[in-house]
Amino acid sequence: MTIVLVVFAMANWIPVTVRIWPGQDLETKLPMLIFIAFLLGSIPTWIALRATRWTLNRRLDSSERQLADLRALANRPADPAPPASAPVNDIPPSPLETP
C-alpha cells in the first residue's frame with residue numbers, strides 16, 4: 001500500500017492552485033492537497049469514535065461497579081439462625097372435639 005501511495009505521489013507531483021477565498025490563493029502539490037483533505041475528512045470520524053468509546057467506558061465502569069456490589073452481597077456471611085423456641089400451638093381446636 002505504501003508503495004502505491006509513493007508511486008502515485010511521484011507521478012502527480014505537480015503544483016495545484018487552490019482558491020481559499022477571493023484574493024487568497026494557495027499553491028501546493030497535489031499529493032499534499034489530497035493528504036490534507038484526507039486528514040480534514042477523518043476528524044469527524046475520529047470525534048465520533050472517541051465519543052462512542054467514552055460512552056462505552058462509562059457503561060462498562062457502571063457494570064463493573066454493579067458486579068462488584070453483587071459479589072460483595074453474595075459473599076457476605078449469612079445471618080445467624082434465630083434461636084429455636086418451643087413450638088407454638090396456633091392451630092385452633094376442631095369444633096368436633098369436646099373439651
Q: Could you state whether Leu40 and Trp21 fall into the same hydrophobic cluster, counting links through intermediate Ile, Leu, Val, Met, Phe, Trp or Tyr residues with side-chain heavy atoms under 4.5 angstrom apart?
A: no

Q) Does atom CD1 of Ile43 have more than 12 heavy-atom neighbours from other groups under 6.0 Å away? A) yes

Q) Judged by atom type as modelled, is there a donor-acceptor pair below 3.5 Å linking the side chain of Ser62 to the main-chain atoms of Arg58? A) no

**Q.** Atom pair CZ/CG of Arg53 and Leu60 - distance to nearest 0.5 Å
**A.** 11.5 Å

Q. Rounded to the nearest 0.5 Å, how far does OG1 of Thr28 lie from CD1 of Ile14?
A. 11.0 Å

Q) Honestly curious: do Leu26 and Leu33 fall in one hydrophobic cluster under the side-chain, below-4.5 Å linking rule? A) yes

Q. Can you hop from Met32 to Met10 via hydrophobic side chains spaced under 4.5 Å?
A. no

Q: Could you state whether Ile36 and Ile47 fall into the same hydrophobic cluster, counting links through intermediate Ile, Leu, Val, Met, Phe, Trp or Tyr residues with side-chain heavy atoms under 4.5 angstrom apart?
A: yes

Q.
Taking side chain to side chain contact (heavy atoms under 4.5 Å, CB included) as the criterion, tell me which of Asp69, Leu73, Leu67 meets it with Arg71.
A. Leu67

Q) Could you state the interatomic distance from OG1 (Thr52) to CG (Asn57), rounded to the nearest 0.5 Å? A) 11.0 Å

Q) Side-chain heavy atoms under 4.5 angstrom apart, residues restricted to Ile, Leu, Val, Met, Phe, Trp, Tyr: same cluster for Leu30 and Val18? A) yes

